[in-house]
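Every heavy atom of this structure was used, including side-chain atoms; hydrogens, water molecules and symmetry mates were not. Lettering of chains follows the sequences in order, A, B, ..., and the numbering in each one begins at 1.
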Amino acid sequence: MRVLCVAEKPSIAKSITQILSGGQFTSRTTANKYIRNYDFDYPQTRAQFTVTSVSGHLTAHDFPDTHRKWHSCDPISLFDAPVETFVSKDGKDIEKNLKSEARRADMLMIWTDCDREGEHIGSEVKRVCRSAKANIIVKRARFSAIIAQQIHNAAQHPVELDQAQADAVEARIVLDLRIGAAFTRMQTKTLQDAIAQVEGSVVSYGPCQFPTLGFVVQRYLQVKNFVSEPFWYIFLSLSRPSSSQGDNVETEFKWRRVHLFDHDAAAVIYEHVISNPITRVTKVVEKDTKKWKPLPLTTVELQKAGSRLLKLAPKAVLDIAEKLYNQGFLSYPRTETDQFDPQFDFMPLIEKQAVDPAWGAFAQGLQQGEFSSPRRGKNNDKAHPPIHPTAHAGGLQGNEKKVYEFITRRFLACCSKDAEGSMTTVDVTCGGEAFYATGLVVHRRNYLDVYPYDKWTGSRVPDFAEGEEFQPSVCELREGHTSSPKYLTEADLVTLMDKNGIGTDATIAQHIETVINREYVLEEYEGGTKYLLPSTLGIGLIEGYNEMGLEKSVSKPQLRREVRYVR
DNA sequence: GCAAGGTC
């Protein structure tokens with residue numbers, strides 16, 4: 001039996017080969033410079049295996065000539081126009097390879113990622129292979145991580161391709177094309193005639209672009225329409241030495257009522273307190289506390305951190321991570337998974353970092369007993385592990401170095417222990433009102449030593465004894481004001497898109513770049529932080545669609561989310 | 001000249 005295995009990308013074909021062959025294989029080049037064909041015997045199923053890959057989707061979709069040109073038809077006719085499926089220009093060589101390999105095989109085993117797009121790519125592979133060999137048996141290997149036991153199990157117990165999932169993706173592809181092309185042409189033609197500012201530029205519409213823009217506009221309007229309100233609170237503090245020999249420190253006691261928006265009520269309470277401000281300590285509690293180490297790293301988290309900590313645009317972070325992946329320094333950078341597989345082998349990866357001058361000593365500590373299993377998040381895309389370094393990279397510069405360092409420190413932090421400390425809470429009453437002060441002492445920094453992006457600091461509260469009484473240093477009624485929300489940052493926008501199902505790990509950064517390139521969204525810097533504001537055009541587009549009064553506005557995320565998750 | 005999703 002000859003089995004042709006087809007993975008979604010070259011790196012997976014190689015990994016599968018190394019596992020199934022035990023390292024004994026031969027390989028052949030193909031016309032595509034990234035793709036190789038690997039040959040070996042697999043005695044477990046008495047079969048000869050050939051493993052190759054595609055490179056993402058094989059086919060593209062577009063309208064025929066009658067509808068492809070912008071002025072060839074009324075945009076609304078694009079909803080009924082035929083849509084052609086064809087092998088893309090770059091896919092021709094890959095298709096040729098698949099066909100010639102399929103002719104020699106008895107069975108096609110599909111090894112695309114085990115997510116919905118993978119099911120669709122698998123159906124493309126199936127169609128091409130069947131066109132070359134009509135009676136080829138088609139099976140699907142199911143695996144959730146590139147781990148030897150799972151890969152062998154998948155090879156020995158293949159299942160069927162899930163055609164319903166592939167069809168759902170096909171429907172989404174066609175809908176996105178029809179809606180995107182029709183609305184874009186309609187908007188562009190209408191607005192170019194009406195507004196001088198958009199002359200010569202495309203006013204695109206996309207089912208991900210518009211909810212993305214919608215988030216920016218929504219926040220902008222919240223800021224614009226914000227009205228500050230005054231509030232009042234009792235400020236209570238005591239100055240006393242931090243320890244028996246120490247200098248005086250001021251301890252602030254926070255009001256349990258936080259603050260009141262009714263001035264008269266706050267004033268009445270304050271009058272009562274100040275008439276006899278003797279303060280009595282009712283309870284002193286010291287308890288152990290932890291600061292949890294971070295979760296394993298997903299693409300979305302990498303982009304948020306990159307934007308917030310490294311000041312790099314989400315798209316720039318992803319591009320760098322992809323380059324480092326292609327150089328063999330990082331695992332696959334597009335993942336939604338924030339849990340390592342229980343069988344994941346950490347030690348060889350930690351060992352590779354032991355030579356680093358900056359974090360090598362910490363890695364050695366993990367090897368010598370400080371290791372602790374990473375926390376498990378709630379997400380698993382069943383295709384890729386969390387992002388982690390696969391090799392030590394010593395010679396990087398600039399932004400590549402920053403991104404690699406962040407990912408590596410994050411990985412080591414995940415394999416370390418939570419930081420440990422103790423928290424003291426001092427409860428007091430004054431004039432019948434309750435106040436409290438808290439203090440923090442860090443006992444063991446643990447993961448914080450390798451992960452400077454997290455801060456955990458607090459001050460020790462001076463000693464207080466239950467039942468003691470004191471005269472506060474300050475007891476005042478103070479006024480504050482509610483403050484306006486901030487404009488969105490890129491990190492905020494990535495979070496909103498992720499939570500609302502707009503785009504994927506691989507495309508979120510692209511959509512943000514698109515709404516900026518189309519000049520729907522403008523970047524504005526304030527104190528070193530980049531904020532996103534809508535342009536007049538951006539606001540106008542969103543308000544226009546909102547005023548149509550659709551039950552699910554195209555500027556809001558509901559519609560897109562439902563298109564993605566419908567089964 | 002148009003979308004979003006894969007991928008190098």
Side-chain angles (χ1 to χ4, degrees), chain A residues 6-14 30 32-36 53-63 67-73 75 78-79 81 83 88-91 93-94 112-113 115-125 165-166 168-192 198-212 299 318-319 321-328 332-335 381 383-384 497 501-515 517-518 554 559-560 563-564:
Chain A
V6 183
E8 186 161 318
K9 44 189 165 278
S11 64
I12 302 275
K14 191 174 180 189
T30 72
N32 181 297
K33 64 177 173 176
Y34 300 105
I35 297 175
R36 300 179 78 86
S53 80
V54 288
S55 183
H57 286 288
L58 250 189
T59 58
H61 299 72
D62 208 347
F63 301 108
H67 293 79
R68 193 161 48 239
K69 293 231 167 59
W70 272 52
H71 293 278
S72 62
C73 65
L78 295 174
F79 287 99
V83 169
S88 59
K89 197 162 150 283
D90 296 340
D93 289 336
I94 302 172
T112 48
D113 294 354
D115 53 23
R116 185 180 280 185
E117 294 294 332
E119 226 57 29
H120 183 261
I121 293 167
S123 77
E124 295 177 307
V125 170
Q165 287 218 41
V169 169
E170 185 75 16
R172 194 218 73 230
I173 289 170
V174 173
L175 273 173
D176 286 349
L177 174 63
R178 292 185 190 283
I179 296 168
F183 274 58
T184 299
R185 292 183 196 179
M186 179 274 292
Q187 274 184 182
T188 304
K189 284 183 191 174
T190 310
L191 294 176
Q192 279 185 347
V198 298
E199 208 182 327
S201 50
V202 173
V203 189
S204 64
Y205 172 85
C208 287
Q209 292 175 28
F210 266 55
T212 302
T299 307
L318 188 56
D319 289 348
E322 274 169 11
K323 189 172 168 199
L324 295 172
Y325 156 70
N326 287 320
Q327 292 171 338
Y332 190 66
R334 291 186 279 261
T335 175
D381 62 17
H384 305 285
M497 293 173 73
I502 304 303
T504 69
D505 48 10
T507 63
I508 281 176
Q510 246 167 260
H511 298 315
I512 296 175
E513 200 178 67
T514 301
V515 294
N517 288 342
R518 300 275 189 238
V554 294
L559 194 60
R560 182 60 182 179
V563 169
R564 274 186 51 173

Practice prompt. Take nucleotides 2-8 of chain B nucleotide by nucleotide from the 5' end and write B, S or -, depending on whether a protein heavy atom sits under 4.0 Å from the base, only from the sugar-phosphate, or from neither.
Written response: BBBBBBB

Worksheet item: Any donor-acceptor pair under 3.5 Å linking the side chain of A:T507 with the backbone of A:G503?
Response: no

Practice prompt. Report the C-alpha distance between A:H57 and A:E124 in whole Å, list the side-chain angles of each, state the deciding distance to 0.1 Å, and finish with yes or no for side-chain contact (heavy atoms from CB on, under 4.5 Å).
Written response: CA-CA 8 Å; A:H57 286 288; A:E124 295 177 307; 3.2 Å; yes

Practice prompt. May I ask you to check whether over 12 heavy atoms, not counting those of A:K189, lie within 6.0 Å of atom NZ?
Written response: yes

Worksheet item: Do the side chain of A:S88 and the main chain of A:T59 share a donor and acceptor less than 3.5 angstrom apart?
Response: no

Worksheet item: Is A:Q187 touching bases, backbone alone, or none of the nucleic acid, heavy atoms closer than 4.0 Å?
Response: nothing

Fill in: Touch class at under 4.0 angstrom, heavy-atom based, for A:T188 against every strand present
base

Item to complete: Show your reasoning for whether side-chain contact (heavy atoms from CB on, under 4.5 Å) applies to A:T184 and A:W70.
Response: CA-CA 10 Å; A:T184 299; A:W70 272 52; 4.0 Å; yes

